[in-house]
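I have placed the structure first, in the form of structure tokens, so that the comments after it can refer back to it.
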Amino acid sequence: MKKFFLYLILLIVLIQFIRPNKNSSEQVSKNGIQTEVTVPENIQSILDRSCNDCHSNNTNYDWYHEIVPFSWVVASHVKEGKEHINFDEWITYNKDQKEHIIEELEEVIESREMPLVGYLKFHPEAIISDEDNNKLLDWIRTLEE
Ligand code: HEC
């Protein structure tokens, strides 16, 4: 039994070396949504606070994100999130992709699917008030035009 725990601890230490790449870009993106459509300041701050950890080229990491398994969970959220929408790569999408993304945006904000519930437990500041959710929805609808 003692040996088992020893191996377990060794394993936990060893897996710490399997580090996923960080999602951080030094520059302000040239492909960002702001370069194409108007993003009012209050909307930008909602996106920064509640979405951009997983849907941009820059994640704000906390200290515990260095530790396995948290580092893996964050990396997988970021990878998956960016596959659906990356606000920093907006102008690289074609017209159909944009239309599809805008539809999805409307859906997830209307149904309050985003941000992910698990994320909100660790980031209560990312919870979107009803008022902000409506503002975000109004803004998304302006993108449809
Ligand atoms: C903790 C990371 C995280 C945060 C924060 C987050 N998302 Fe996501 N998002 C994901 C992941 C992972 C997926 C893909 C899996 C899924 O649909 O659950 C996703 C999917 C989406 C999709 C596609 C939905 C679909 O039906 O396929 C949209 C649109 C989206 N997110 C918008 C947002 C918006 C807007 C915000 C902020 C209000 C936000 N997300 C915050 C991780 C995140």
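Keep in mind the model is a prediction, meaning the values are calculated, not measured. Read the numbers this way: they start at 1 and go in the same order the structure lists the ligands and their atoms.
- Between the CG atom in L136 and the CD atom in E106 there is a gap of 11.0 Å [rounded to 0.5 Å].
- The salt bridge (charged side-chain N to carboxylate O under 4.0 Å, His left out) with E36 is formed by just one residue from the set K95, K98, K30; it is K98.
- Protein residues with a heavy atom under 4.0 Å from ligand 1 are S50, C51, C54, H55, H77, E80, G81, H84, E104, L105, V108, I109, M114, P115, L116, Y119, I128.
- In this structure, CG on N86 lies 10.5 Å from CD1 on I33, to the nearest 0.5 angstrom.
- Counting only distance, with no hydrogens or angles, the side chain of N58 and the backbone of S25 share a donor-acceptor pair below 3.5 Å.
- Atom CG of N23 sits about 12.5 Å away from atom NZ of K79, to the nearest 0.5 Å.
- Ion pairing of D138 with K135 is absent here, as no side-chain N (NZ or NE/NH1/NH2) approaches a carboxylate O to less than 4.0 Å.
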